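The structure presented is a predicted model; accordingly, all values stated were derived computationally and were not measured.
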Amino acid sequence: MSPSLAGRLSTLLTEDAEVVVELERRKSRFLTVLRRTPTLEDAQALVDRLRREHHTARHHCSAWVIGPSQELRRGNDDGEPSGTAGAPMLEALTHATTMDGRQDLTDVTAVVVRWFGGTLLGAGGLVSAYSDSVVAAVEQARAHGLLRRRRRLRQVSLPAPVAVVGRWENELRAAGVTVMSTEYSTDATARLSLAVDDTAQDREDLEARLAQLSSGRPCLQEDGHIWVEQRP
């Protein structure tokens, strides 16, 4: 993902989706669960839940990626030879192509539950099985429309005379600016709450457009950020 997009544009699973896929390698069974997990606590809770539900399995390996820039990452081999489960699972998550060629899947945990089939797979076989399990789960999520794009928008507010606020609102909407709300006061003024993509260029473009509307320098107030999810 481009550094200019990191932290303000990412892809998530839908909030309540739980993707489940299963594969078999030389009689070993690999059950993969993929779920949205916004926090470390959510990630660990998923691992603990599956460990309880599938307590007869030998391994409950996991990987998670959390944060707008995928800054929190962890893989756990859970008893498999070091580097044969958690690491390939984590790589599959961080390199999963979501849309437009980006690799920005985040706030997600994959757990692969393995029942040993009696035949050793070797290090290469394990890496392949765990990686393929996570790849298959992400592909299923994509195929079933369970991915959502999340954008970080910058919120600003702008005072406007009541006499022109309706025209300003219409022109801003036509220009692609998100108008969150319009509030009216008792002194013949109103306040527009606006949101634009969180980039310096989008802020500059908004200021230039507002300067044309108001025939002067707009008096913008920063109101923080919001996250907006949309279907890709």
Side-chain angles (χ1 to χ4, degrees), residues 1 10-67 69-148 232:
M1 181 170 56
S10 54
T11 299
L12 313 171
L13 286 170
T14 54
E15 189 168 0
D16 297 323
E18 183 161 296
V19 181
V20 181
V21 298
E22 187 171 341
L23 62 81
E24 185 176 312
R25 296 285 171 87
R26 301 178 71 179
K27 297 185 179 181
S28 277
R29 178 185 169 205
F30 296 83
L31 178 72
T32 303
V33 176
L34 193 69
R35 191 171 181 86
R36 179 168 168 172
T37 52
T39 68
L40 293 173
E41 291 76 15
D42 293 328
Q44 189 60 55
L46 178 63
V47 176
D48 294 342
R49 193 197 90 197
L50 293 172
R51 194 181 297 278
R52 291 192 302 270
E53 291 180 0
H54 303 292
H55 56 87
T56 61
R58 177 173 293 189
H59 304 285
H60 303 77
C61 304
S62 59
W64 60 65
V65 182
I66 297 173
S69 300
Q70 301 179 321
E71 55 266 33
L72 299 178
R73 308 181 183 192
R74 182 182 176 186
N76 190 325
D77 294 316
D78 193 42
E80 294 282 27
S82 179
T84 62
M89 290 171 63
L90 183 59
E91 184 173 1
L93 287 179
T94 56
H95 289 81
T97 301
T98 55
M99 59 199 77
D100 300 334
R102 291 196 297 274
Q103 298 173 338
D104 59 353
L105 184 64
T106 193
D107 288 1
V108 63
T109 295
V111 181
V112 179
V113 183
R114 181 194 179 196
W115 289 265
F116 181 55
T119 302
L120 295 176
L121 300 181
L126 288 173
V127 168
S128 175
Y130 280 105
S131 177
D132 290 350
S133 295
V134 176
V135 169
V138 175
E139 289 179 348
Q140 179 168 303
R142 186 189 304 111
H144 287 80
L146 299 178
L147 299 180
R148 295 291 182 269

Q) What do the steps show when you test F30 against H59 for side-chain contact (heavy atoms from CB on, under 4.5 Å), and what is the final call? A) CA-CA 10 Å; F30 296 83; H59 304 285; over 6 Å; no

**Q.** Any T106 side-chain heavy atom under 4.5 Å of L12 side chain
**A.** yes

Q) In Å, rounded to the nearest 0.5 Å, how long is the span from NE2 of H60 to CD of E53? A) 9.5 Å

Q: Would you sort out whether L72 and V65 count as a side-chain contact (heavy atoms from CB on, under 4.5 Å), showing the intermediate values?
A: CA-CA 6 Å; L72 299 178; V65 182; over 6 Å; no

Q. Are any non-hydrogen side-chain atoms of M89 and V112 less than 4.5 angstrom apart?
A. yes

(Q) Check whether E139 reaches the backbone of A137 with its side chain - one donor and one acceptor, N or O, closer than 3.5 Å. (A) no

Q: Would you sort out whether S128 and R25 count as a side-chain hydrogen bond (donor to acceptor under 3.5 Å, both in side chains), showing the intermediate values?
A: CA-CA 10 Å; S128 175; R25 296 285 171 87; 3.2 Å; yes

Q) About how many Å separate NE2 of H55 and CZ of R52, when rounded to the nearest 0.5 Å? A) 11.5 Å

Q.
Could you report the tightest heavy-atom contact between D77 and G83, atom names first, then the distance?
A. OD2-N, 3.0 Å

Q. Between the side chains of R114 and S28, does any donor sit under 3.5 Å from an acceptor?
A. yes

Q. Given side chains that start at C-beta, do those of K27 and F116 come closer than 4.5 Å, heavy atoms only?
A. no

Q: Using atom types as modelled and distance alone, determine if a side-chain donor or acceptor of Q70 lies under 3.5 Å from a backbone N or O of L105.
A: yes

Q. Quick one: CH2 on W64 to OG1 on T94, what's the gap to the nearest 0.5 Å?
A. 15.0 Å

Q | Nearest heavy-atom neighbours spanning T14 and G145 | A | CG2-O, 4.4 Å

Q: For residues A141 and V19, report the shortest heavy-atom separation together with the two atoms involved.
A: CB-CG2, 3.9 Å

Q: Mark yes or no for whether D107, through its side chain, and G67, through its backbone, hold a donor-acceptor pair below 3.5 Å.
A: yes

Q) Quick one: are R74 and L90 in side-chain contact, heavy atoms under 4.5 Å? A) no

(Q) Working to the nearest 0.5 angstrom, can you tell me the gap between S131 OG and E91 CD? (A) 7.0 Å

Q: Could you tell me whether a side-chain N or O of H144 sits under 3.5 Å from a main-chain N or O of Q140, the two making a donor and an acceptor?
A: yes

Q.
How long is the straight-line distance from OG of S133 back to CG of L34, given to the nearest 0.5 Å?
A. 11.5 Å

Q. Measuring from T11:OG1 to R142:CZ, what's the distance to the nearest 0.5 Å?
A. 10.0 Å

Q. Should D104 and T98 be marked as a side-chain hydrogen bond (donor to acceptor under 3.5 Å, both in side chains) after you check the CA-CA gap, both sets of side-chain angles, and the distance that decides it?
A. CA-CA 7 Å; D104 59 353; T98 55; 2.6 Å; yes

Q. Less than 4.5 Å apart, any side-chain heavy atom of V111 and any of T32?
A. no

Q) Does any non-hydrogen side-chain atom of I66 lie less than 4.5 Å from one of L40? A) yes

Q.
What I want to find out is whether E18 reaches R35 closely enough, with some N-O distance under 4.0 Å, to be called a salt bridge.
A. yes

Q) Does N76 reach the main-chain N or O of D78 with its side chain, forming a donor-acceptor pair under 3.5 Å? A) yes

Q | Salt-bridge contact E15-R36 (side-chain N to carboxylate O under 4.0 Å) | A | no

(Q) What I want to check is whether the side chains of W115 and T56 have a donor and an acceptor closer together than 3.5 Å. (A) yes

Q. With a 4.5 Å heavy-atom cut-off, do T39 and D42 have their side chains touching?
A. yes

